[in-house]
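Both counts, for ligands and for their atoms, begin at 1 and track the order of listing.
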Amino acid sequence: MHLRSSALRGTSAAALTALALTACSGSGVHGTPGADGVRDPYFPKLGNGGYDVAHYDLTLGYDPDARHLTGTAEVTARATQDLSAFNLDLKGLTVKGVTVEGKDASFHRDGQELTIRPPDDLDKGETFRTIVRYSGSPETITDPDDSEEGWLRTEGGALALGEPTGSMAWFPANNHPSDKASYDIRVTVPKGLKAISNGELTRESTKNGRTTFAWHSAEPMASYLATVAIGPYEVKKSTTKSGIPVLTAVEPSEAKDSAKALARIPEIMEWQELNFGPYPFSSTGAIVAREGDAGYALETQTRPTYPGAPETGLIVHELAHQWFGNSVTPKSWRDMWLNEGFATYAEWLWQEDHDGDSVQEIFDQIYAGDYYEDKEDNDAIWAFPPAKPPSAANISDSPVYERGGMVIHKIRRAVGDDTFYDIVQGWTKTHRHGNADTEDFTRYVERHAGSEAARGRVRAIWGPWLYGDGKPTRP
Ligand code: TRP
Ligand code: ZN
């Protein structure tokens, strides 16, 4: 039996169990257990090693009164090593049974790690199907920064939000942005309620007092962007000028306040396609939950989620994420500024193009320390460098957003507008539906800066603005 050292490093109880199972199971064994995490710098247990998921097929039923979820998750994956066992991430809930390639598999749970030992080893390169049957009352997860995600209960319904870890509260997954997959999400709820999710609605049918909504996402999606919203949503459909279907789902109590801003989605999309390149997905829209159902908006794929009626600027931010974050996805949670810096920049650009302050004016206000009313908030922007948040609790702090946006503006000034838009559109095209990190980005910008002089200017940005502590000495 050959054990790669990585399988033994940081051996958790789950990994040890898997190892023991492997060692005991006689002849024909050639695989080793997949790692129990992908060593994200902030969330080391998120994701798993040894396989790559191609598709999630989720069949869910939810009873809001009993707060009870039943789920069947079919996970189609390809082994990237010979595997004797592998993990999925799942927090809470009760696993009732697991099969791999149609045969019962033994499993073991330890915290968020579900270790699965298939009866036959999986060969490197093999595509295999795992079915996990589970049920229970899904958890709300409190993040290192005290925000709440996972499964959020709402009045008479629920809202599932997954950044950065929460998806494991409602389905078993390789729960890390580095492994994207296509999805089918089917949700059955009591008749009268709606279940909204990502992608396109392919079926809606009612039987025995329950309605099933089937949603399909053909383009790759990171698990943190998967969502389900259950409630008495009002659904409206339209189309953008470029032919992309728009589906909005709005809590009736928010309908009046959100109508005007939501009606601008096609116009915002058109402006973004002009600036960022072709829209990467097959549909778009919004989910407007009640104010208080969540503490923040989230760029859930194709259909961002808002807690209460959104302002136009917030819609611009969340739809910009469809290019920056959802299509071009960070390799790890350290690269968050690539999401939030660009989405913040998109808001500033929108203002510049719609009779508001220019981006340069916004940049100058921030640098001068009079962007926010409170000195504390202005100072917080310089608390740490965007490409190196000090801890998991800081990945959504203002240096990642505003100082990240300022980095983008520094690039624009260094290369000029024409080259800048070529870089932005080239970046979204090159890494469309992929993953990228900060070094991929800085290398790309340097290579496409246009001239030796411009290359020198962008290179001078990275040290003080991306990686350096404190406020850069020059704006
Ligand atoms: N990505 C969200 C936005 O900017 C904000 C957010 C919600 C977030 N939850 C998070 C950012 C967790 C980082 C981590 O619209
Ligand atoms: Zn954002």
Side-chain angles (χ1 to χ4, degrees), residues 40-43 46 140-152 159-169 175-177 198 221-227 229 261 265 268 272 276 284-289 291-350 380-381 383-384 386-408 438:
D40 185 277
Y42 300 101
F43 303 95
L46 283 188
T140 298
I141 295 172
T142 302
D143 289 333
D145 70 356
D146 283 336
S147 56
E148 294 198 323
E149 56 158 344
W151 194 265
L152 308 175
L159 179 59
L161 296 176
E163 189 178 27
T165 75
S167 291
M168 61 190 174
N175 190 23
H176 191 265
N198 316 88
M221 176 161 77
S223 53
Y224 79 93
L225 298 166
T227 189
I265 289 175
I268 294 168
Q272 294 189 327
F276 310 147
T284 185
I287 296 169
V288 182
E291 208 183 317
D293 282 351
Y296 49 84
L298 188 64
E299 61 268 27
T300 41
Q301 194 148 302
T302 67
R303 200 152 290 116
T305 305
Y306 306 95
E311 301 284 342
T312 306
L314 187 58
I315 298 177
V316 170
H317 180 109
E318 303 307 337
L319 287 178
H321 275 307
Q322 307 306 310
W323 284 261
F324 306 103
N326 299 13
S327 171
V328 185
T329 305
K331 281 184 183 164
S332 87
W333 289 111
R334 181 160 38 207
D335 309 311
M336 268 301 283
W337 82 273
L338 283 172
N339 289 11
E340 302 305 344
F342 265 115
T344 303
Y345 199 74
E347 288 181 66
W348 296 345
L349 259 187
W350 174 269
I381 294 170
F384 59 84
K388 277 196 308 185
S391 79
N394 304 107
I395 61 169
S396 51
D397 287 356
S398 60
V400 173
Y401 284 72
E402 276 90 2
R403 186 166 159 184
M406 292 172 93
V407 172
I408 306 299
T438 301

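Although no hydrogens or angles enter the test, the distance criterion places a donor-acceptor pair under 3.5 Å between the side chain of Gln322 and the main chain of Thr302. Side-chain N or O atoms of Tyr42 include one that pairs as donor or acceptor with a backbone N or O of Pro389 at under 3.5 Å. Checked by atom type and distance alone, the side chain of Asn326 pairs as donor or acceptor with a backbone atom of Glu299 at under 3.5 Å.
Legend: salt bridge (Lys or Arg N to Asp or Glu O under 4.0 Å) pairs involving residues 396-407, not counting sequence neighbours: none detected.
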Would you mind listing each N/O atom of ligand 1 next to any protein N/O under 3.5 Å, plus the distance?
unit_1: ligand 1; atom_1: 1 (N); unit_2: Glu163; atom_2: OE1; d: 2.7
unit_1: ligand 1; atom_1: 1 (N); unit_2: Glu299; atom_2: OE1; d: 2.8
unit_1: ligand 1; atom_1: 1 (N); unit_2: Glu340; atom_2: OE2; d: 2.9
unit_1: ligand 1; atom_1: 4 (O); unit_2: His317; atom_2: NE2; d: 3.1
unit_1: ligand 1; atom_1: 4 (O); unit_2: Glu340; atom_2: OE1; d: 3.0
unit_1: ligand 1; atom_1: 4 (O); unit_2: Glu340; atom_2: OE2; d: 3.3
unit_1: ligand 1; atom_1: 4 (O); unit_2: Tyr401; atom_2: OH; d: 2.8
unit_1: ligand 1; atom_1: 15 (O); unit_2: Ala297; atom_2: O; d: 3.4
unit_1: ligand 1; atom_1: 15 (O); unit_2: Glu318; atom_2: OE1; d: 2.9
unit_1: ligand 1; atom_1: 15 (O); unit_2: Glu318; atom_2: OE2; d: 2.5

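Aromatic ring pairs are classed by plane angle as parallel below 30°, tilted from 30° to 60° and perpendicular above 60°; the pair His317 and Tyr401 is parallel. In this pair, Phe324 and Phe276 present their aromatic rings perpendicular. The plane angle is above 60°, beyond the 30 to 60° band.
Side-chain atoms of Asn175 and Ser223 form a donor-acceptor pair, as typed in the model, at a separation below 3.5 Å.
Under the side-chain contact (heavy atoms from CB on, under 4.5 Å) test applied with Leu161, the options Ile141, Thr300, Thr140 reduce to a single match, Thr300.
Take the Zn ion (ligand 2) and draw a sphere of radius 2.8 Å; the protein N/O/S atoms inside it number 3.
When the salt bridge (charged side-chain N to carboxylate O under 4.0 Å, His left out) test is applied to Asp293, the partners found at least two apart in sequence or on another chain are Arg290.
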